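Only a predicted model underlies this, so the values are computations on that prediction, with no experimental measurement involved. Just the heavy atoms: all of them, side chains too, but no hydrogens, waters or symmetry mates, feed the values below.
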Amino acid sequence: MRVCNEALNYVSQRAFAERVWKYHRLQKLVYTDVKARFGLGAQMALHVIKKLADSYNSGKEAHRHGAALREFRWSSAQTFDAR
């Protein structure tokens with residue numbers, strides 16, 4: 001869980017710097033790097049990217065589309081997929 005949240009913060013910084021909020025564009029930008037840098041499997045890397053894209057495209061208006069950098073605590077919930 002901690003590694004996933006570290007990856008989330010890394011992806012958030014990249015998305016914010018490059019102004020990329022859409023899932024597929026974000027996936028092309030960071031997928032390979034997230035897998036290599038954090039040692040995540042394919043499914044978890046995709047979950048991280050999806051969670052980040054969702055966080056920038058929903059919720060409070062102040063966080064939508066990069067109005068503010070999103071940061072995640074080490075204990076933030078993660079999606080679990082039995083696959």
Side-chain angles (χ1 to χ4, degrees):
M1 186 164 52
R2 289 179 189 216
V3 172
C4 286
N5 287 316
E6 287 176 26
L8 266 168
N9 285 323
Y10 170 76
V11 174
S12 182
Q13 291 169 355
R14 289 281 309 269
F16 191 77
E18 309 237 357
R19 312 298 292 171
V20 175
W21 319 122
K22 302 283 185 182
Y23 171 71
H24 293 291
R25 288 191 60 212
L26 195 54
Q27 181 181 345
K28 287 180 182 180
L29 180 68
V30 299
Y31 174 75
T32 305
D33 195 24
V34 167
K35 282 184 61 178
R37 181 179 282 222
F38 296 97
L40 296 176
Q43 195 69 27
M44 286 310 299
L46 291 174
H47 282 302
V48 164
I49 295 166
K50 178 69 170 147
K51 181 174 179 172
L52 195 285
D54 288 347
S55 75
Y56 274 116
N57 290 302
S58 64
K60 292 182 180 180
E61 188 66 36
H63 290 127
R64 286 189 195 162
H65 305 291
L69 177 68
R70 294 297 306 247
E71 294 180 304
F72 298 86
R73 294 182 310 249
W74 69 268
S75 60
S76 294
Q78 290 299 318
T79 304
F80 176 75
D81 189 338
R83 292 180 282 172

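Between Tyr56 and Trp21, the ring planes are tilted. Angles from 30° to 60° get that label.
Considering every non-hydrogen atom in both Leu52 and Ala15, the closest pair reads CD1-CB, 4.0 Å. Of all heavy-atom pairs between Cys4 and Leu40, the closest is SG-CD2, 4.0 Å. Looking at every heavy atom in both residues, Tyr23 comes nearest to Leu46 through OH-CD2, 3.6 Å.
Here the CZ-CZ distance, from Arg19 to Arg25, works out to 11.5 Å after rounding to the nearest 0.5 Å. Put simply, CE on Met1 and CD on Glu6 are 12.0 Å apart, with the number rounded to the nearest 0.5 Å. Rounding to the nearest 0.5 Å places CD1 of Ile49 at 9.5 Å from CG of Leu8.
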Contacts table for residues 26-36: side-chain donor-acceptor under 3.5 angstrom, sequence neighbours left out:
residue: Asp33; atom: OD2; partner: Tyr10; partner atom: OH; Å: 2.1
residue: Asp33; atom: OD2; partner: Arg14; partner atom: NH1; Å: 3.4

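The side chain to side chain donor-acceptor pair (under 3.5 Å) check on Lys22 picks up nothing, with sequence neighbours excluded.
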